[in-house]
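Indexing begins at 1, ligand by ligand and atom by atom, following the structure's order. These numbers were taken from a predicted model, which means no experiment stands behind them.
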Amino acid sequence: MRQHVNPLSKYFDQIERIPSLNEMFDNSKLNLHIDIGCASGEFLFDLALDNTNWNYIGIEIRERLIKTAKSKLREKEIKNLYFVFGNAHNILNDNHSKFIIKNLKSISFNFPDPWFKKRHYKRRVIQPEFINILSNLMKEGSLVYIKTDVKNLFEYMDCTISSDCNFKKIDKKYFNDSASFNPNKVQTNREKYALANELKIFENIYVKT
Ligand SMILES: C[S@@+](CC[C@H](N)C(=O)[O-])C[C@H]1O[C@@H](n2cnc3c(N)ncnc32)[C@H](O)[C@@H]1O
């Protein structure tokens, strides 16, 4: 059963600050990827071990999940992975986080919570204001990945991102996978579930122009 939290709750106004790249990673010069809504981070552990030439940050709003991820990270001593607790929108909207967005090579929204009722759309993680922050700060050529098995959510996310004139959809035919944060196509937990249950998966990649 899903245990949603309301991201608009005042509880998330207080944010965990993201430390400097040097404090988070062994090699701060590597390509940087952020995964939004990383749950307990299994996907990012797999990625970080598989692609040691990338740095990864996971942001997750459910405290219990991020605690699990952080304690596993301490045990494993992986030096190209970092986890942050809170509402991704509030964290990345903080002035202090600008340096992170400017340093991003890519950001992923994998199977975000759908919030099916129209009156709850405002709780969806992708919001025009959030995309505007990314659009203003991400460097040219950096990428936004979206993936979901909910058609209505996919259309909403696509419409929100495509409405920003700085983001252009990439035709996947011409996309060079070796430049991706996930060249070996590691799957998230929800993706494994969707594939096992033969659910259709919708995905897009956008480039900042
Ligand atoms: C459906 S789960 C998908 C988890 C994982 N990405 C996957 O594909 O298996 C969505 C996750 O996003 C988290 N989430 C929802 N809103 C968020 C927000 N505003 N900031 C950070 N995480 C959020 C949820 O707590 C949940 O863990």
Does the plane of the ring in His4 sit parallel, tilted or perpendicular to the ring in Trp115? Use 30° and 60° as the thresholds.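 Because their plane-to-plane angle lies in the 30° to 60° range, the rings of His4 and Trp115 count as tilted.
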Check: To which of Thr188, Leu44, Ile126, Asp149 does the heavy atom nearest atom 7 (C) of ligand 1 belong?
Finding: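 Ranked by closest heavy atom to atom 7 (C) of ligand 1, first place is Thr188.
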Checklist entry - Among Asp113, Leu65, Val5, whose heavy atom sits nearest atom 15 (C) of ligand 1? => result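 Nearest option to atom 15 (C) of ligand 1, by heavy atoms: Asp113.
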Discussion item. Under 4.0 Å, heavy-atom basis, I'd like to know which part of Asn87 is in contact with ligand 1: side chain, backbone, both or neither.
Written reply: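 Near ligand 1, Asn87 shows its backbone as well as its side chain.
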What I want to know is whether [X] and ligand 1 share at least one N or O pair that is separated by under 3.5 angstrom.
X: Cys38; result: no
X: Pro112; result: no
X: Glu191; result: no
X: Ala88; result: yes
X: His89; result: no

Selection residues 185-209 - residue pairs positive for ring pair (Phe, Tyr, Trp, His ring centres under 6.0 Å), sequence neighbours left out: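 The answer is Phe154-Phe202.
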**Message:** Applying side-chain hydrogen bond (donor to acceptor under 3.5 Å, both in side chains), can you list everything that pairs with Lys98, at least two apart in sequence or on another chain?
**Reply:**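 Per chain and number, Lys98 pairs via side-chain hydrogen bond (donor to acceptor under 3.5 Å, both in side chains) with Asn95.
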Here's a test for you: under side-chain contact (heavy atoms from CB on, under 4.5 Å), which of Ile59, Ile126, Ile57 qualifies with Ile36?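 Testing each of Ile59, Ile126, Ile57 against Ile36, the sole residue satisfying side-chain contact (heavy atoms from CB on, under 4.5 Å) is Ile59.
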task: Could you check Thr188 against Asn110 for side-chain hydrogen bond (donor to acceptor under 3.5 Å, both in side chains), going step by step and ending with a plain yes or no?
output: CA-CA 8 Å; Thr188 74; Asn110 287 309; 5.7 Å; no
Which atom names give the shortest non-hydrogen contact between Phe25 and Tyr56, and what distance separates them?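 Between these two residues, the closest heavy atoms are CE2-O, 3.6 Å.
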